[in-house]
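First up is the structure itself, then whatever we jot down about it.
Order of the sequence lines fixes the chain letters, A, B, ..., with proteins taken first and strands second; residue numbering starts at 1 for each chain.
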2 protein chains.
Amino acid sequence: MSHTPGVRQAQKQKTRQALLDAALQLLAEQSLSSLGLREVTRAVGVAPTAFYRHFRDTADLGVALVEEALNSLHTALTALLAATGERAGDDDGEERIAATVELIAAYVRAHPAHVRFIAREQHGGVQPVRAAIRGQLALFAQEVKEQFAREPEAAGWAEDDLLMLAGMYVDHMVMTASALMEAEGDPEAAARVTVTARRQLRLVSLGRRHWLDERPATP
Amino acid sequence: MSHTPGVRQAQKQKTRQALLDAALQLLAEQSLSSLGLREVTRAVGVAPTAFYRHFRDTADLGVALVEEALNSLHTALTALLAATGERAGDDDGEERIAATVELIAAYVRAHPAHVRFIAREQHGGVQPVRAAIRGQLALFAQEVKEQFAREPEAAGWAEDDLLMLAGMYVDHMVMTASALMEAEGDPEAAARVTVTARRQLRLVSLGRRHWLDERPATP
DNA sequence: AAACTCGGAGAACAGTTGTTAACTGCATGG
DNA sequence: CCATGCAGTTAACAACTGTTCTCCGAGTTT
């Protein structure tokens, strides 16, 4: 077993991941700004001082969690853009909307803790974490915008307006995911959230379709 | 001075308010779940045990803060509904939108700490506080819906759809207020947020206007 | 096979936390 | 005017926090 490079590094990343997992679990019932270093190490079963080998702060841990969470969300977003992109213009958008909401719901079912963390810390008490989330979500909006720009409905749209629209979709996605997670365990409430989310997307879609009516240029 | 009823009660509410104010200030750089009882009393200048005369918990303090914050927001909302209600249908809605965003901006300038608190604890780590905020915002949406129902544009709308629309406006208001607060001190960023908020409202307004096009009933 | 690296353990530190108990003094109601 | 109520104080408690320093032992390098 010895003299095989990588064993040490693998062990290190293993406990690092254990710290991240334990923290994410503890953050179900509190905010990052109240998460204690000792609390996390105790949950993992390592000495408090071991924490410093991986993170400077709990804030640093938080930034790492942002990357982990929004990486998984990015995977879901890519799937969503691919799935809805191929049926652009097929129908009045109703199927597209239903598919979008269903994909969000599936993501929430798969990663509820990540959704909770992002929703909570997006406006939370730790500045670096807020900044990290904002930056990643801006990147998402950029990707959505580029997908929109590829579609025929985007003809005549200003870049700014496309980005605004993409931002609305991203924000709406996060809010819907958060609402769905809060309704976990109550299928009726979850159904209500789903129906509302679909109607909201329909409203935005209608606005999008008439954006250029009698409007040669945006003021 | 003695035998004058109310002196004692007035003093009590005075320190109670001092506790609330100090807590709100401390919550600028942390979340409620990490706010310590001693921290608050120290900032006010009273003994830690005095806290218990007013609140059971810091969570209890948080619920009181929700009521205070959303009471001031309710005043602003009423003013906004009155101001925009009287010019319903006057123009294409552009002035109405600008007035709405300006009123939100004015509110943020007047009560930034309240806005920060609501945005932060809406998805925060303290369940009773989350529930209190959700309940109050639902009441706001109800009021907005009733205002909408009074306007001629609402003819033919289902109750559910009107509430959905009102909810979108309330959510958008909170998000815009939060974004404006985060941009405090940077006039350029604040201007960007304002412009984006106006465009988003315009998009929703367009969707609203075409909601009933070729749609006899909502599925 | 010896030298080195480095993730983790252990103990100790000064400070902080929430909560309890018994108290003080003043506004209050009879 | 006196007895009661009650906001706020003082002191003490066990428990917990983040951080430092020293040390160990197994993976890694030469």
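- Panel note: side chain B:Glu121, backbone B:Val129; no donor-acceptor pair is recorded below 3.5 Å.
- Taking atom CG of residue B:Asp60 and atom C1' of nucleotide C:dG18, one finds them 15 Å apart after rounding to whole Å.
- Separating the CZ atom of A:Arg16 from the C1' atom of C:dC6 is a distance of 17 Å, rounded to the nearest angstrom.
- Across the protein-nucleic acid pair, B:Leu26 atom CG and C:dT17 atom P stand 11 Å apart, rounded to whole Å.
- In this view, B:Ala18 and B:Val44 satisfy the side chain to side chain contact (heavy atoms under 4.5 Å, CB included) rule, not counting sequence neighbours.
- A straight line from CD of B:Gln11 to P of C:dG25 spans 17 Å, rounded to a whole angstrom.
- Straight-line distance from the CD atom of A:Glu39 to the P atom of D:dA15: 17 Å, rounded to whole Å.
- The distance from atom CZ of B:Phe55 to atom C1' of C:dT19 is 18 Å, rounded to the nearest whole Å.
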Could you go over nucleotides 19-22 of chain D and give all protein N or O partners under 3.5 Å, atom names and distances?
{"residue": "D:dT19", "atom": "OP2", "partner": "A:Tyr52", "partner atom": "OH", "Å": "2.9"}
{"residue": "D:dT19", "atom": "O5'", "partner": "A:Tyr52", "partner atom": "OH", "Å": "3.4"}
{"residue": "D:dT19", "atom": "O4", "partner": "A:Arg38", "partner atom": "NH1", "Å": "3.4"}

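- A:Ala50 comes within contact range of the sugar-phosphate backbone alone, with a heavy-atom separation under 4.0 Å but no base atom that close.
- Summarising the geometry, the separation between CZ on B:Arg8 and C1' on D:dA7 is reported as 6 Å, rounded to the nearest angstrom.
- Heavy-atom distances to DNA chain C give each of B:Gln9 and B:Leu35 a nearest nucleotide, and the one nearer the 5′ end belongs to B:Leu35.
- Evaluated for a ring-ring contact (aromatic ring centres under 6.0 Å, His included) with A:Phe148, the options A:Tyr169, A:Trp157, A:Trp211 yield exactly one hit, A:Tyr169.
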Apply the test side-chain hydrogen bond (donor to acceptor under 3.5 Å, both in side chains) to residues B:Arg150 and B:Gln147: give CA-CA distance (whole Å), side-chain angles for both, the deciding distance (0.1 Å), then the verdict.
CA-CA 5 Å; B:Arg150 258 178 245 119; B:Gln147 169 62 27; 2.7 Å; yes

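- Counting heavy atoms from C-beta on, the side chains of B:Val101 and B:Val195 never come closer than 4.5 Å.
- Taking atom CG of residue A:Leu19 and atom C1' of nucleotide C:dG7, one finds them 12 Å apart after rounding to whole Å.
- Of the residues B:Asp60, B:Thr15, B:Asp57, B:Leu37, the one that meets the side-chain contact (heavy atoms from CB on, under 4.5 Å) test with B:Phe51 is B:Leu37.
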